[in-house]
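Since the structure comes first, as structure tokens, the remarks are kept for the end.
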Amino acid sequence: MTATLSGPAPSLTEEPPSAGQVAGRRWRRSRGILVFVLVLVVLGLVLAALRPRVQAQYLDPETANRDGARALVQILGQHGTQVTVARSAAEAADRMRAVPDAVLVVVRPERLTGVQLDVLRSAPGDLLLVEPTRTTLGKLAPGVEQTGEASKNVVQPQCALTAATQAGDVGFDYAMTYEVTAQAGPATSCYLEEKRPRLVQLPVNGRTVTVLGTGGPLTNAQLLDRGNAALGMNLAGARPNAVWLIPGLPEPGTGGDKSFQDLVPFGVKLALLQLVIAVVLTAFWRSRRLGPVVTEPLPVIVRSAETTEGRARLYRARKARGRAADALRAGARERLVPRLGLPRSLAQDPAAAQEIVIAIAGRLRSTGPVPGAQPRQWDETTIGFALYGPAPADDAGLVGLSDLLDDLERQVLGS
């Protein structure tokens, strides 16, 4: 008897695949995933590169390049607002005390330390905070919290604040959005996106504090877009005087109070989010491959006699006569039960033992002995011992059981 193997069986003389062939197969299986991940990485890098970088002169009132704010300062001066530039928190606080009825415009607040923010909090006058950090909001605009960045660039005021309604539509470039909590008290929220404002104005300890989510509309490059200039003039020129605070770089070791999340560029965050989504989708896709075991062609032909002999040696080495006998009896039942007209599922069901034994005994009584088979008395006791009896005590008993099962099969299958 030989085992039947599904699929084409390669020749015994077929050479094993080379390392190059194995590598080629692995590459063809995994190249789709690698290309997909590579595309996501490249897209994330491109988005990070397109993210506007904040230069050292960003919102500097004395700089005429694209990121500076010299044009707005000059326009404010032409319309009667005297702008004074301060390079430190202490200098700005002194000027606010010396100049009555002034607005303190704070840009680049990430350079300010907690001590410097306390100095500004004690200074008089209104505040205009441009792109404030979480620490800045906590000290100078309590009740206003960052929620993320907006996607729409041009939006309408959607509020009753005069400075915003007179400016109309404003072009925001990656503006930060905020959430106003109950701690803030009565506040005005403008330029909303999904109920998250880009501009918030609220009273804090007798002064008016305005939070602006981006300094883009105040720069020289974007000042002439839509209502940007009007918004900048209305906010920074709300009083006859303005103190423009652009802190210098902090001394080494002091630093600002910008958190790690504030330091990570938006493009990098988006790239990491895409990578996480890619990993989750890939894991889900690969997990769907898990399923029942499938039949695959063996690399060589293994004859059933060799397999049986190999298993017999293993059983003999471990003296597993009981396991070997169970295997012989299970195989015999699998072949006998279908010939009796019974469901194949009953072959390994212990509860069906009596039914199978009775069916075999009745079959043999009705057909008589098969010519050439060893004459035996096939009563229900003998049949039950052959198919469901105890384990043999020695190797001779195992051989005798094998002969008994072979004879039983010839009697039933030949009938």
Side-chain angles (χ1 to χ4, degrees), residues 59 61 69 72-73 75-112 116-133 135-146 157 159-167 170 175-176 178 180-181 183-191 197-215 217-218 227-247:
L59 294 178
L72 176 60
V73 172
I75 294 175
L76 288 172
Q78 293 172 2
H79 286 77
T81 300
Q82 183 67 34
V83 180
T84 305
V85 179
R87 298 287 175 173
S88 68
E91 180 184 0
D94 292 340
R95 293 184 179 274
M96 289 295 293
R97 294 186 182 94
V99 179
D101 201 12
V103 175
L104 176 59
V105 182
V106 182
V107 299
R108 308 303 301 272
E110 71 276 5
R111 297 179 175 180
L112 296 172
Q116 292 171 329
L117 291 173
D118 292 335
V119 172
L120 296 180
R121 183 169 56 181
S122 63
D126 296 339
L127 281 176
L128 171 59
L129 307 177
V130 181
E131 299 182 19
T133 62
T135 304
T136 304
L137 290 174
K139 289 184 174 292
L140 301 181
V144 180
E145 300 177 355
Q146 293 181 357
C159 67
L161 185 64
T162 304
T165 56
Q166 291 179 350
V170 172
M176 185 65 66
Y178 303 97
V180 181
T181 65
Q183 181 184 359
T188 304
S189 302
C190 303
Y191 302 104
R198 298 171 175 86
L199 186 150
V200 178
Q201 189 172 90
L202 68 159
V204 178
N205 298 329
R207 69 198 315 186
T208 300
V209 178
T210 304
V211 178
L212 183 61
T214 178
L218 310 182
N228 294 2
L231 180 64
M233 292 177 59
N234 293 339
L235 295 178
R239 303 292 182 183
N241 298 286
V243 177
W244 195 287
L245 170 60
I246 177 167

Between L76 and A236, what is the shortest heavy-atom contact and its length?
CD1-CB, 3.8 Å

Is a donor on one side and an acceptor on the other found under 3.5 Å between the side chain of E131 and the backbone of G215?
yes

Of all the heavy-atom pairs spanning Q116 and R111, show the shortest one and how long it is.
OE1-O, 3.7 Å

To the nearest 0.5 Å, tell me how far Q201 CD sits from L161 CG.
4.5 Å

Is there a donor-acceptor contact under 3.5 Å from the side chain of D101 to the main chain of R239?
no

Check side chain to side chain donor-acceptor pair (under 3.5 Å) between N234 and all other residues, then give those that pass, not counting sequence neighbours.
none

Keeping the roles fixed (side chain from T81, backbone from G77), state whether a donor-acceptor pair exists under 3.5 Å.
no

Q82: side chain to side chain donor-acceptor pair (under 3.5 Å) partners, not counting sequence neighbours
none

Scanning both residues in full, the closest heavy-atom pair of L202 with P142 reads CD1-O, 4.0 Å

Measuring from atom OG of S88 to atom CG of L112, what distance do you get when rounded to the nearest 0.5 angstrom?
10.0 Å

Minimum heavy-atom distance A164-C159, with the two atoms named
CB-SG, 3.9 Å

Please report the shortest heavy-atom distance between W244 and L59, naming the atom on each side.
NE1-O, 3.2 Å

Tell me, which pairs form a salt bridge (charged side-chain N to carboxylate O under 4.0 Å, His left out) where one or both residues lie in residues 198-215, sequence neighbours left out?
E193-R198

Specify the closest pair of heavy atoms between L120 and V106, including all atoms of both residues, with the distance to one decimal.
CD1-CG2, 4.4 Å

